[in-house]
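To start, the structure itself, in structure tokens.
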Amino acid sequence: MPELPEVEAYRRLAERALHRPVDRVQVGDPRFVRGGATPRAVSGLLQGRLLGAVTRIGKLLVFDVMEKGGDSGPARLGLRFGMTGRLLVDGAPGVDALLYSSDRADPAWDRFALHFTDGGALVVRDPRLLGGVHLDPDTAALGPDALSLTPAQLRFALDRSAAPLKARLMDQARIAGVGNLIADEVLWRAGLAPGRAAGSLTPAEQRRLLHHLRRTLGDLLERGGSHTGDLMPERIPGGRCPRDGVELCRDVVGGRTTWWCPAHQR
DNA sequence: ATTGTGGCCTGCCCGC
DNA sequence: TGCGGGCAGGCCACAA
């Protein structure tokens with residue numbers, strides 16, 4: 001599903017869509033427009049303008065909008081992908097495989113599209129409508145991006161919290177980009193139990209966590225998806241810890257299905 | 001403020 | 001063979 005690695009791949013793909021005049025804006029489903037905006041407002045923002053730059057904060061893509069003359073447009077455009085959203089530019093997908101989504105190319109799932117005057121298009125295909133389009137997305141509501149997280153930022157995100165460690169890792173307001181699969185993978189690699197109180201980590205454990213967060217994100221970016229972790233094949237009933245062979249526990253932590261090893265995650 | 005819960009969305013898979 | 005229930009989780013609203 002789209003966590004940080006997929007959305008980073010989308011960002012790179014989206015660079016192909018920059019500086020190309022928008023001829024027509026297609027909102028396939030009005031429910032896909034979020035945050036109180038309207039399809040008309042989104043169309044009005046993009047029509048006749050072009051995308052200037054694209055940045056990623058966690059799982060959010062933010063596009064600068066420009067006038068054809070090069071001046072800044074009146075607002076920025078945000079794209080979210082939920083767990084089933086796919087980005088395509090000129091028909092090419094940002095990622096090959098998307099766990100829990102469908103690989104079919106049903107045109108009814110094209111929830112949002114920018115058709116360029118050159119004939120190409122940027123398309124968000126999302127069977128389940130869990131993603132969305134935002135006008136002037138509230139980036140201040142997101143914590144620092146997980147990929148460039150510093151030790152001080154991790155400490156700030158965890159210290160003095162009674163919430164489960166995994167819930168804090170997935171709290172986009174504190175650390176942006178970590179979703180369910182990556183949280184399980186990182187905690188498994190770091191040997192930390194998902195239900196531990198976030199504020200209970202020692203400085204050494206925080207260092208270990210940050211080390212494995214960076215390593216994991218690097219690995220998954222390279223492998224091409226949040227579903228390519230070493231724990232992933234065992235996140236099934238009867239699955240066993242790839243490290244020591246013990247049967248994994250399946251719990252709900254932070255409201256999400258959590259697979260973890262009771263032997264080495266403490 | 002912090003933390004937890006339920007709902008939204010719908011394709012897909014399993015069991016009957 | 002068709003049908004129905006359960007499941008998946010990012011995000012948001014809401015409750016205590």
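Convention: sequence-line order gives letters A, B, ...; per-chain numbering from 1.
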Nt span of DNA chain B in reach of chain A heavy atoms at under 4.0 Å, 5' end first, is B/dT2 to B/dC12
List in chain and number order the residues that pass side-chain hydrogen bond (donor to acceptor under 3.5 Å, both in side chains) with A/D159, two or more places apart in sequence or in another chain; answer none if no residue qualifies. A/Q206
Test your reading of the model: is there a side-chain donor-acceptor pair from A/E185 to the backbone of A/L231, 3.5 Å cut-off? yes
Which nucleotides of nucleotides 2-16 of chain C have their base under 4.0 Å from a protein heavy atom (B), which only their sugar-phosphate (S), and which neither (-), written as one string 5' to 3'? ------BBBB-----
Suppose we screen for side-chain hydrogen bond (donor to acceptor under 3.5 Å, both in side chains). Which residues come up paired with A/R76, at least two apart in sequence or across chains? none
Results of side-chain contact (heavy atoms from CB on, under 4.5 Å) for A/I57 - residues two or more places apart only: A/T139, A/L142, A/A176
side-chain contact (heavy atoms from CB on, under 4.5 Å) against A/R174, all qualifying residues, sequence neighbours excluded: A/A157, A/R168, A/D171
In chain order, what residues pass the side-chain hydrogen bond (donor to acceptor under 3.5 Å, both in side chains) check against A/D118, with sequence neighbours excluded? A/R20
Which part of the nucleic acid, if any, lies within reach of A/R34 when heavy atoms closer than 4.0 Å are counted: base, sugar-phosphate only, or nothing? nothing
Modelled atom types, side-chain donor and acceptor of A/D251 and A/W260, under 3.5 Å: yes
For A/Y10, ring-ring contact (aromatic ring centres under 6.0 Å, His included) partners two or more places apart: A/F81
Side chains of A/E6 and A/S226 only: does a donor on one sit below 3.5 Å from an acceptor on the other? yes
Excluding sequence neighbours, so at least two apart, what forms side-chain hydrogen bond (donor to acceptor under 3.5 Å, both in side chains) with A/E247? none
Quick check on contacts: within residues 138-168 of chain A, what sits under 4.0 Å from DNA chain C by heavy-atom distance? none
Counting only Watson-Crick and G-U wobble pairs with both atom distances below 3.5 Å, the stems of 3 or more consecutive pairs that include DNA chain B are B:2-16 with C:2-16
Non-neighbouring partners of A/R160 that pass salt bridge (charged side-chain N to carboxylate O under 4.0 Å, His left out), sequence neighbours left out: none
Step-by-step side chain to side chain contact (heavy atoms under 4.5 Å, CB included) determination, A/L187 to A/T258: CA-CA 10 Å; A/L187 292 173; A/T258 300; over 6 Å; no
